[in-house]
Participant: 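Pasting a structure below so you can have a look.
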Amino acid sequence: MSERKTADLVDHIDFDDNRLVAELSGQHDAHLAILEDALSVRIDPRGNRFAVSGKARARAIHALTALYEKLERGEPVGPGEALAAAKLSAAPAPKSVKSELPSIKTPKRLISARSPNQAAYLENLSTHDLTFGVGPAGTGKTYLAVAHAVGQLLSGAVDRIILSRPALEAGERIGFLPGDMKEKVDPFLRPLYDALNDMMHPDYIERRIAAGDIEIAPIAFMRGRTLARAAVILDEAQNATPEQMKMFLTRLGEGAHMAVTGDPSQTDLPAGQTSGLADALSVLHGVEGVGETRFTAADVVRHPLVARIINAYDAAGAKKSGRD
């Protein structure tokens, strides 16, 4: 890859490998169109040279370079990666984040950050014994925590994965549901199974569950235990009470790492009941060894409409608060 050349308001960047350049551009230049739309620039491919114009051309070149380097490492690049590169270049990453974060390799896919906050989150997961990932749905807070846990298990850094959620029901007690205990709690834990299935083959997951290397259970099952050499995740933590949260956090044992994820604005606890997640964020803020990443609608990696829905609800909530 040659050095960038600048002339007036157009920057040029050259790449060496013709095959990778085609993958970089995407079918019918689809990846370039994503970068253009996200960064309000124009990218004109001319063989191995790209002419980039617009105020954010430096960021566009940064994104192109990052995507090309992914291809050089043998990593796939698709529309999602193109949009992620635009997001990562559109705002400076937090100072604590390394310039190059390694991807997490799982048996079924390679997983990497798709926004500056996701990069900060992966950094916190790697460097803190307890990490809070807080924000709206679709920002990857649970998915990345599961990916990090899977990476730790496969590398031998931990002996097991423990995934938990509060089994908080909408209008009925869990004891009223049909079936044995596993059949009762599985619907509440389905998102955690989905994340695991996206990263590992189902038969492998079943073997690890049978061996006790992967455990998925409601938070009530954690009482009285010490969770050592484990990657522990509490999902939907906004539905835990302060008492449950304290109980869960104090299960942390030697060689264990814990991630707590949730959205304080989406609690299903009874009106007037304090969320254990909000309480823990307040009590533990600034405590050594505790990391915290707060996500926003800009970090949403689902359908683009999800981010607009979140922004609309936030705006409506702000108006309502202003009237109250």
Side-chain angles (χ1 to χ4, degrees), residues 91-98 101 113-149 152 158 162-166 168 219 222-223 225-228 230-300 310-311 313-314 317-318 321 324:
K95 293 180 180 179
S96 61
V97 179
K98 298 173 184 176
L101 276 175
R114 294 195 168 190
S115 74
N117 279 333
Q118 285 194 355
Y121 186 47
L122 285 177
E123 178 77 358
N124 278 334
L125 288 168
S126 298
T127 57
H128 293 78
D129 291 333
L130 170 61
T131 298
F132 288 94
V134 183
T139 51
K141 54 189 184 294
T142 299
Y143 189 84
L144 289 176
V146 173
H148 184 260
Q152 286 187 306
V158 298
I162 299 174
L163 308 175
S164 185
R165 297 180 92 188
L168 185 64
I219 191 172
M222 301 296 113
R223 189 174 298 278
R225 301 177 61 183
T226 298
L227 309 176
V232 187
I233 299 171
L234 176 61
D235 188 34
E236 298 290 344
Q238 73 274 3
N239 290 331
T241 66
E243 294 77 18
Q244 287 177 321
M245 180 64 73
K246 180 181 177 181
M247 177 274 292
F248 186 84
L249 295 178
T250 53
R251 301 307 93 199
L252 193 66
E254 183 178 355
H257 300 272
M258 186 177 285
V260 177
T261 68
D263 181 358
S265 71
Q266 293 293 318
T267 179
D268 295 316
L269 291 167
Q273 171 70 65
T274 301
S275 167
L277 176 58
D279 183 66
L281 289 168
S282 174
V283 171
L284 299 178
H285 181 71
V287 172
E288 184 179 355
V290 178
E292 180 183 320
T293 303
R294 292 187 178 265
F295 295 93
T296 69
D299 301 299
V300 170
I310 292 169
N311 284 330
Y313 271 98
D314 286 346
S321 297
D324 292 344

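The shown structure was predicted, so the numbers you read here are calculated from the model rather than taken from an experiment. Values reported hereafter were calculated over all heavy atoms of this structure, with side chains retained and with hydrogens, waters and symmetry mates removed.
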Participant: Could you report the tightest heavy-atom contact between Gly140 and Tyr121, atom names first, then the distance?
Facilitator: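 Minimum heavy-atom contact is O-CE2, 4.3 Å.
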
Participant: Hey, can you pull the donor-acceptor pairs under 3.5 Å for the side chains in residues 270-284, sequence neighbours left out?
Facilitator:
unit_1	atom_1	unit_2	atom_2	d
Ser275	OG	Gln238	O	2.9
Ser275	OG	Leu277	N	3.2

Participant: Looking at side-chain heavy atoms only, is the closest gap between Thr241 and Pro166 below 4.5 Å?
Facilitator: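 The answer is no, as the side chains (C-beta and beyond) never meet within the 4.5 Å cut-off.
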
Participant: How would you list, by chain and number, every residue that makes a side-chain hydrogen bond (donor to acceptor under 3.5 Å, both in side chains) with Asp263, sequence neighbours excluded?
Facilitator: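 side-chain hydrogen bond (donor to acceptor under 3.5 Å, both in side chains) check on Asp263 returns Ser265.
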
Participant: Looking only at heavy atoms, what is the nearest atom pair of Gly253 and Thr226, with distance?
Facilitator: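 It is CA-CG2, 3.9 Å.
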
Participant: Drop me the distance from Met258's CE to His128's NE2, to the nearest 0.5 angstrom.
Facilitator: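 If I round to the nearest 0.5 Å, the distance is 15.0 Å.
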
Participant: What distance separates Asn239 CG from Met245 CE, expressed to the nearest 0.5 Å?
Facilitator: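 Asn239 atom CG to Met245 atom CE measures 10.0 Å (nearest 0.5 Å).
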
Participant: Please confirm whether the backbone N or O of Ile219 pairs with a side-chain atom of Ser164, one donor and one acceptor, at under 3.5 Å?
Facilitator: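 Such a contact is found between Ser164 side chain and Ile219 backbone.
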
Participant: Would you check, one step at a time, whether the test side chain to side chain contact (heavy atoms under 4.5 Å, CB included) holds for Leu130 with Leu249?
Facilitator: CA-CA 9 Å; Leu130 170 61; Leu249 295 178; 3.9 Å; yes

Participant: Search all heavy atoms of Ile162 against all heavy atoms of Ala230 and return the closest pair with its distance.
Facilitator: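 In this case the closest contact between Ile162 and Ala230 is CD1-CB, 4.1 Å.
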
Participant: Output a table of donor-acceptor pairs, distance under 3.5 Å, between side-chain atoms of residues 287-297 and any protein atom two or more places apart or on a different chain; print 'none' if there are none.
Facilitator:
unit_1	atom_1	unit_2	atom_2	d
Glu292	OE2	Arg294	NE	2.7
Glu292	OE2	Arg294	NH2	3.3
Thr293	OG1	Asn124	ND2	2.9
Thr296	OG1	Ala298	N	3.2

Participant: With sequence neighbours left out, what residues match Gln152 under side-chain contact (heavy atoms from CB on, under 4.5 Å)?
Facilitator: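 Per chain and number, Gln152 pairs via side-chain contact (heavy atoms from CB on, under 4.5 Å) with His148, Ala157, Val158, Ala231, His257.
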
Participant: Under a 3.5 Å threshold, yes or no: a donor from one side chain and an acceptor from the other, between Ser115 and Asp299?
Facilitator: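 There is such a pair between these side chains.
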
Participant: Taking only residues two or more places apart in sequence or in another chain, which ones pass salt bridge (Lys or Arg N to Asp or Glu O under 4.0 Å) with Arg114?
Facilitator: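 Arg114 satisfies salt bridge (Lys or Arg N to Asp or Glu O under 4.0 Å) with Glu81 once adjacent residues are dropped.
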
Participant: Tell me which pairs pass salt bridge (charged side-chain N to carboxylate O under 4.0 Å, His left out) where either residue lies in residues 233-253, with sequence neighbours left out.
Facilitator: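 Salt bridge (charged side-chain N to carboxylate O under 4.0 Å, His left out) check on residues 233-253 returns Arg165-Asp235, Arg165-Glu236.
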
Participant: I need the minimum non-hydrogen distance between Leu252 and Ala256, along with the two atoms involved.
Facilitator: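 The pair with the smallest heavy-atom distance is CD1-CB, 3.8 Å.
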
